[in-house]
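Keep in mind that this is a model prediction, so the values were computed, not measured. Side-chain atoms are counted along with the backbone in the values below, which use heavy atoms only and exclude waters and symmetry mates. Whatever order the structure lists them in is the order used to number ligands and atoms, beginning at 1.
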Amino acid sequence: MYKIAVLPGDGIGVEIVPEAVKALQAVGKKFGLEFEFTEALVGGAAYDDGGHPLPAATLELCQGSDAVLLGAIGGPKWDNLPVELRPEIGALLPLRKELELYANLRPCVLFPSLLHASTLKEEVISGVDILVIRELTGGLYFGEKKREKTPDGGEQATDILTYSTYEIERIVRFAYQAARKRRKKLCSVDKANVLESSRLWRETVSKLAAEYPDVETTHMYVDNCSMQLIRNPRQFDVIVTENMFGDILTDEASMLTGSIGMLASASIGGDVGLYEPAHGSAPDIAGQNKANPLAAILSAAMMLRYSFDREEEAVAIEKAVGRLLEEDYRTPDLMEPGKKLLGTVQTGDLVAKYISSIGG
Ligand code: NAD
């Protein structure tokens with residue numbers, strides 16, 4: 001029995017998470033696994049209900065579960081709350097910190113049938129298979145933040161960016177282990193020409209590189225990396241980078257896969273892994289059955305792989321997603337002339353159906 005905390009959150013989170021649950025239920029039925037799903041509020045929905053975006057009961061549920069399935073949180077309705085109550089800062093960051101989720105994995109793999117869906121040329125993106133590993137509990141997002149009045153009547157805002165050797169070594173070792181299981185190439189991304197934290201990052205990576213002689217190590221500045229991802233993405237195997245650079249680069253990398261609605265993520269480190277799509281709550285399309293649930297469904301596959309060590313079951317979900325795309329079904333974000341348009345719910349239903357019919 002696997003205990004899963006289900007946190008749909010806000011916006012399209014409440015639409016896509018049930019589709020990921022459907023996929024897990026179909027896997028459970030097919031492969032004889034038992035899941036216990038317990039739903040809880042998080043983000044703006046939790047704030048509206050009880051005045052805090054991360055209620056103690058939600059955190060306790062997560063800590064007592066085997067894994068967490070999260071949708072997305074935030075939205076314009078909560079943008080003007082005091083900073084500590086804003087869903088992203090009041091819920092997402094503490095959840096990552098409390099569960100010690102220091103490693104965020106975002107596989108950026110192009111399904112061959114989506115070759116035409118990307119805005120980039122086919123010859124550039126064909127065969128793209130990148131794993132971005134983002135440090136998730138340090139850096140600018142977790143540093144001290146303050147606002148002060150200035151003598152001229154204006155304000156001054158400060159965000160502190162801190163990284164320790166321990167934090168860098170922990171994520172970089174993780175990335176080397178991942179690279180060893182892939183094509184053995186690690187690109188460390190920083191801004192060592194300007195930032196002191198990046199200089200420590202680069203020195204630490206350079207020292208660790210000696211322990212992994214079988215992995216080819218390169219260093220790249222983040223501005224160059226953002227350009228290289230578009231120019232020649234196939235040069236990358238594993239990218240490891242700090243929190244904010246990883247946040248931005250993975251949104252960019254999602255376009256290599258056709259849509260941000262395709263990009264899954266796993267956040268791991270402590271005893272309980274958290275799985276969520278890389279996108280946000282997409283208020284512009286929320287409540288319209290237009291959201292692509294595949295990133296959430298592929299995140300459920302990552303849960304099976306990384307938290308439960310169920311490779312065959314993870315692959316079953318990925319194959320079902322591949323089949324749906326091969327059969328030309330598309331949500332609006334991936335729609336092209338000649339393809340068949342599906343809503344969020346219908347996409348989830350079809351994935352569950354294809355999982356059930358695998359091998360038979
Ligand atoms: P977003 O990812 O929500 O949306 C960006 C664009 O991508 C929008 O046009 C949206 O319609 C589209 N999109 C996103 N997911 C999609 C999907 N599954 N299917 C189809 N289209 C999709 O980013 P944003 O607009 O910058 O942020 C909206 C809110 O989400 C903000 O409050 C932000 O803080 C929050 N956010 C939350 C998370 C999280 O929960 N982890 C991450 C990023 C942003």
Margin query: Under 4.0 Å between a side-chain nitrogen and a carboxylate oxygen: does that hold for Arg199 and Asp190?
Written below: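 No.
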Notebook entry, point to check: Is a salt bridge present between Lys191 and Asp223, judged by a nitrogen-to-oxygen distance below 4.0 Å?
Noted result: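 Yes, Lys191 and Asp223 are salt-bridged.
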Check: Can Gly75 be said to touch ligand 1, with heavy atoms closer than 4.0 Å?
Finding: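 Distance cut 4.0 Å: Gly75 passes for ligand 1.
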Shortest protein contact, [atom] (heavy atom only):
{"atom": "atom 25 (O) of ligand 1", "answer": "Pro283 CD, 4.6 Å"}
{"atom": "atom 21 (N) of ligand 1", "answer": "Ile285 CD1, 3.6 Å"}
{"atom": "atom 10 (C) of ligand 1", "answer": "Asp284 OD1, 3.4 Å"}
{"atom": "atom 3 (O) of ligand 1", "answer": "Ala282 N, 2.8 Å"}
{"atom": "atom 35 (C) of ligand 1", "answer": "Ile73 O, 3.3 Å"}
{"atom": "atom 39 (C) of ligand 1", "answer": "Leu92 CD2, 3.7 Å"}

Donor-acceptor check, side chain of [X] to backbone of [Y], threshold 3.5 angstrom: yes or no?
{"X": "Ser357", "Y": "Tyr354", "value": "yes"}
{"X": "Arg183", "Y": "Phe236", "value": "yes"}
{"X": "Ser118", "Y": "Leu120", "value": "yes"}

Going by the order shown, which atoms of ligand 1 are within less than 4.0 Å of some heavy atom of [X]?
{"X": "Ala72", "result": "40 (O)"}
{"X": "Gly261", "result": "17 (C), 18 (N)"}
{"X": "Gly74", "result": "32 (O)"}
{"X": "Ile260", "result": "7 (O), 13 (N), 14 (C), 15 (N)"}
{"X": "Ile12", "result": "15 (N), 16 (C), 17 (C), 18 (N)"}

Please tell me if the side chains of [X] and [Y] come closer than 4.5 Å, counting only heavy atoms from C-beta onward.
{"X": "Met303", "Y": "Ile4", "result": "yes"}
{"X": "Phe245", "Y": "Arg134", "result": "no"}
{"X": "Arg182", "Y": "Leu131", "result": "yes"}

Say whether [X], considering both its backbone and side-chain N or O atoms, lies within less than 3.5 Å of an N or O atom on ligand 1.
{"X": "Ser281", "value": "yes"}
{"X": "Asn292", "value": "yes"}
{"X": "Arg96", "value": "no"}

Next item on the list: Determine the interplanar angle of the Phe308 and Tyr2 rings, folded into 0 to 90°, and report it as parallel if under 30°, tilted if 30 to 60°, perpendicular if over 60°.
Entry: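 It falls in the parallel class, under 30°.
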Next item on the list: Name the orientation class of the two ring planes belonging to Tyr176 and Tyr212 (parallel below 30°, tilted from 30 to 60°, perpendicular beyond 60°).
Entry: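 Tyr176 and Tyr212: parallel rings.
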Checklist line | Closest candidate by heavy atom, reference atom 44 (C) of ligand 1, pool Gly280, Ala291, Pro332 | finding: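 Of the listed residues, Gly280 has the closest heavy atom.
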Checklist line | Best match, Glu88, Glu276, Arg86: closest heavy atom to atom 33 (C) of ligand 1 | finding: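 Considering heavy atoms of Glu88, Glu276, Arg86, the nearest to atom 33 (C) of ligand 1 sits in Glu88.
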Check: Under 6.0 Å from the CD atom of Gln25, do we count more than 12 heavy atoms belonging to anything else shown?
Finding: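 Buried by this count: over 12 neighbours within 6.0 Å.
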Notebook entry, point to check: Would a 4.0 Å cut-off, counted as strictly less than, catch a protein heavy atom around atom 15 (N) of ligand 1?
Noted result: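 Within 4.0 Å: yes, protein heavy atom nearby.
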Next item on the list: Determine, counting only non-hydrogen atoms of the protein, whether one lies under 4.0 angstrom from atom 7 (O) of ligand 1.
Entry: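 Protein heavy atom within 4.0 Å of atom 7 (O) of ligand 1: present.
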Check: Just checking, is any N or O donor in the side chain of Glu135 or Asn104 under 3.5 Å from an acceptor N or O on the other one?
Finding: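 Note: Glu135 and Asn104 side chains miss the donor-acceptor criterion.
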